[in-house]
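Below: one structure, written as structure tokens.
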Amino acid sequence: MNTRLRSQIVKELLSFLRDPKSRMVLIGPPLVQLLVFSFAATLEVRNVDIAVFDQDNGRASYELLARIEASSFVRDMVPVYSTAELTDLMDRRRVLIAVHFPADFSRSIAAGKPAAAQLLVDGRRANSGQIAAGYLGTLIAGFEGRSFATAGGTAPDIAVRHWFNPNLVYRWFIVPGLAAVLAMLIALLVTGLSIAREREMGTFDQLLVSPASPIEIVVGKMVPALIIGTVLAMLMVAAGVFVFQIPFSGSLPLLLLSLIVFILSVVGVGLMVSSICQTQQQAILGVFAVAVPVVLISGFATPVENMPYVLQLLAEASPLKHFLIIAQGSFLKALPPGVVFANLWPMAVIAAVTLTTAVLIVQRRLQ
Amino acid sequence: MSTAPETGKGGRPRRLVALTRKEGLQVLRDPAAVLIAFVLPVVLLFLYAYAVSLDAQDVRIGVVLESDSAAAHDLASAFAATRYFAVTPARDRREVAPRMVSGELRGFVVIPQDFASRMISRADQPLVQVVTDGSQPNTANFVSGYAQGVVSNWLAAGRDAAPPSARFEPRYWFNPELESRRFLVPGAIAIVMAMIGTLLTALVVAREWERGTMEAIFSTPAGVLEIMVAKLLPYFGLGLIATFGCALLSIWVFDVPLRGSWLALFAISSAFLVPALGQGLLISAATRNQFVAAQLALLSGFLPAFLLSGFLFEIDSMPAVIRTITYIVPARYFVATLQTVFLAGDVWSQFLPNMLAMLAIGLVFFAIASARTRKTLD
């Protein structure tokens with residue numbers, strides 16, 4: 001490495017690490033966010049509040065309610081005595097679900113007739129509501145008046161096994177993804193602002209008259225972001241293994257290689273944005289306009305396959321989508337090298353295209 | 001500001017009007033501000049409406065048919081017929097297992113060799129085996145749930161089973177079609193607004209500090225409070241206009257009903273803009289540096305609004321510590337009230353406490369921001 005390039009890189013690194021405030025926001029908050037958000041991001045359903053409108057007051061409703069109250073996903077059971085009261089609790093989102101037993105519920109069951117109780121579910125929270133209603137459905141299944149029919153005699157219809165994550169711990173899914181998203185945001189911001197800041201302050205012209213070539217300028221801006229992003233991501237991977245106790249079954253060298261290519265492709269995008277923008281503010285907004293869609297279509301929060309076909313195609317151009325497959329697979333699935341490379345080369349292509357474009361734009365500024 | 005001399009008859013109000021006008025012009029002249037207030041929300045809303053979807057359909061699964069009996073074939077075609085699954089047929093589980101590792105399939109169903117005999121003696125063994133990709137827990141739940149549904153329906157169609165003696169009849173209020181877009185789009189408006197409010201103000205004011213133009217304004221007779229109010233009012237207006245645009249888009253394009261009133265919508269949006277702008281101001285006053293301000297706005301504005309607001313992840317399901325943290329996230333109150341005003345109607349008994357909470361958080365932000373600003377002027 002020649003000395004000009006090396007001093008360029010050192011200068012860029014120093015410009016981030018010298019200022020205590022920016023040093024702090026680079027490492028501290030992302031790690032805190034990882035801790036907070038991994039516990040927050042769950043689609044499991046717990047602590048459900050249920051309103052009970054029992055016009056039956058019979059033996060059957062009593063037994064069912066006792067059973068519901070005892071189940072682990074329920075927090076509060078709120079008794080109500082009129083439809084108006086029930087509507088009010090639902091409107092105010094005090095409860096997720098209301099159970100309404102009609103007056104003849106126990107009588108019908110005692111007479112051996114089918115009996116139905118109504119479940120009123122808050123459609124504003126339809127996802128949790130559906131899951132909770134499903135749980136309640138399993139509680140009433142097999143209820144035949146006096147007691148519950150013992151399940152003897154027949155085996156269940158299906159035997160379910162969840163591979164890679166037998167207890168479906170949501171955190172095992174979210175932590176690798178969140179680590180990737182946070183590392184991407186940091187790398188994007190660091191590079192996105194780099195050229196734009198120099199331009200806003202006028203120091204970019206000094207850089208242009210220096211003997212450094214466009215490639216050297218871009219590499220000089222690229223390496224610090226690569227170092228910061230990779231170190232941060234590896235810290236978060238370590239947190240995943242040691243703090244969150246997620247099994248890591250894949251290959252660490254392959255993950256590291258993929259991480260470097262991933263950060264390179266992100267850095268390319270950031271430099272492209274930065275070389276187009278005139279001011280830091282434009283660059284930040286540009287970074288934002290890129291980052292949010294990339295996160296949304298990557299499959300981080302909701303699966304790619306739920307999206308319309310056009311967005312699924314667009315997701316192929318998102319480096320995050322490919323890296324999520326590698327990161328999640330390396331943790332849980334012992335992802336074979338073939339699959340890693342199948343997702344590695346699209347990121348390499350994205351990195352090559354964006355970095356080349358960034359060099360070309362800087363070159364055009366030189367002339 | 002006590003030292004600020006009163007000038008002429010109009011005095012402070014007139015100065016405030018003039019300052020606001022100046023700041024308003026500055027916003028309108030800034031193409032980036034207009035872009036982020038009008039173009040970005042539209043793009044984001046479209047993305048949230050189409051990219052963020054919890055409605056799984058056509059989940060790719062494999063169906064491994066190890067048995068050649070007529071019943072087994074019949075069950076396999078029942079799996080192929082449902083719209084929830086897109087089925088890849090196979091004869092051996094070794095064909096599909098690697099494709100599940102690569103993520104091509106999200107699960108597979110094995111109809112075993114002795115399926116016919118298992119059908120007759122239902123006592124000891126399950127009929128079929130379902131294997132899911134647990135690395136995607138939500139989809140895995142979905143696959144096992146719907147596979148159970150397909151098998152029970154298929155069994156029920158085969159024999160005249162009596163309905164269970166007691167059952168729950170679920171009815172979904174406010175959103176009977178169970179479309180996730182109906183509640184995600186109002187939530188998305190909250191996130192868009194959090195971004196405009198917090199990110200835009202944090203950036204703009206941080207830039208003024210960085211360039212030193214803030215000191216220039218401070219040298220005028222205007223007080224700190226006046227300057228802050230004048231700076232924020234244009235963004236307040238911009239935010240309200242953006243809310244209005246987002247609401248129109250939700251109603252016309254995304255088919256979300258507005259069951260409440262426009263008045264309520266504007267009231268809660270205004271209440272939310274107070275903490276959002278306050279947060280932006282606080283960030284810029286504390287950092288005075290655009291890079292750090294952007295980073296903090298992203299980490300303390302956008303991500304909490306996305307993950308801690310209940311927009312996608314149910315707050316009640318979070319651990320108690322995190323639930324406590326959500327109480328200081330203004331977006332939490334905004335998402336809950338927005339979903340209500342769109343899907344349920346005007347429930348002032350819910351709106352008022354939530355609005356009060358947002359205003360209180362906002363006041364705290366403003367108090368800290370102005371305290372920090374005044375101190376450094378000495």
At a 4.5 Å cut-off on heavy atoms, which part of [X] comes close to chain B: side chain, backbone, both, or neither?
X      : value
A/Q328 : side chain
A/T87  : both
A/V190 : both
A/L188 : neither
A/Q33  : side chain
A/R92  : both
A/Q130 : both

Point-to-point distance, once rounded to the nearest 0.5 Å, from [atom1] of [X] to [atom2] of [Y]:
X      : Y      : atom1 : atom2 : result
A/H100 : B/F168 : NE2   : CZ    : 12.5 Å
A/I284 : B/L203 : CD1   : CG    : 4.5 Å
A/T302 : B/Y48  : OG1   : OH    : 10.5 Å
A/F39  : B/L307 : CZ    : CG    : 14.5 Å
B/L303 : A/L182 : CG    : CG    : 6.5 Å
B/Q290 : A/L193 : CD    : CG    : 8.0 Å

Quick one, [X] and [Y] - any side-chain contact, counting heavy atoms below 4.5 Å?
X      : Y      : value
B/P137 : A/N165 : yes
B/F306 : A/L296 : yes
B/S180 : A/N127 : no
B/S349 : A/D88  : yes
A/V121 : B/W173 : no
A/L119 : B/Y172 : no
B/S144 : A/H162 : yes
A/V45  : B/D316 : no

Residue among [options] with most heavy-atom pairs under 4.5 Å to chain A:
options                        : result
B/F183, B/F313, B/F351         : B/F313
B/S102, B/A344, B/P186, B/A336 : B/A336
B/N354, B/V109, B/N175, B/T132 : B/T132
B/G103, B/P319, B/G345         : B/P319
B/I191, B/V130, B/V151, B/V110 : B/V130
B/N138, B/V43, B/T326          : B/N138

For [X] and [Y], which heavy atoms make the closest approach, and how far apart are they?
X      : Y      : value
B/E314 : A/S128 : OE1-OG, 2.9 Å
A/P293 : B/L47  : CB-CD1, 3.3 Å
B/G134 : A/L168 : CA-CD2, 3.7 Å
B/P126 : A/I158 : CB-C, 4.1 Å

Mind ranking [options] by heavy-atom pairs under 4.5 Å with chain B and telling me who comes out on top?
options                        : result
A/P303, A/A133, A/A41, A/A126  : A/A41
A/F331, A/F173, A/W172, A/W163 : A/W163
A/N306, A/D91, A/N167          : A/N306
A/R197, A/R94, A/Q312, A/M90   : A/M90
A/L314, A/L332, A/D49, A/V160  : A/V160

With a 4.5 angstrom heavy-atom cut-off, could you sort out which part of [X] is near chain A: side chain, backbone, both or neither?
X      : answer
B/A320 : neither
B/V347 : side chain
B/L199 : side chain
B/N141 : both
B/A206 : neither
B/F108 : side chain
B/P304 : both
B/L296 : side chain
B/R207 : side chain
B/F342 : neither

Test side chain to side chain donor-acceptor pair (under 3.5 Å) applied to A/R93 and B/Q339, step by step: CA-CA 10 Å; A/R93 293 170 67 121; B/Q339 288 177 340; 2.7 Å; yes
Donor-acceptor under 3.5 Å (B/S135 side chain, A/F164 main chain):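 Judged by distance alone, no pair lies under 3.5 Å.
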Pair listing, salt bridge (charged side-chain N to carboxylate O under 4.0 Å, His left out) test, anchored in residues 132-147 of chain B, at least two apart: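 Sorted result for residues 132-147 of chain B: A/K333-B/D133, B/R106-B/D133.
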Exercise: do B/T340 and A/R124 side chains pair donor with acceptor under 3.5 Å: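 The answer is yes; a qualifying pair exists.
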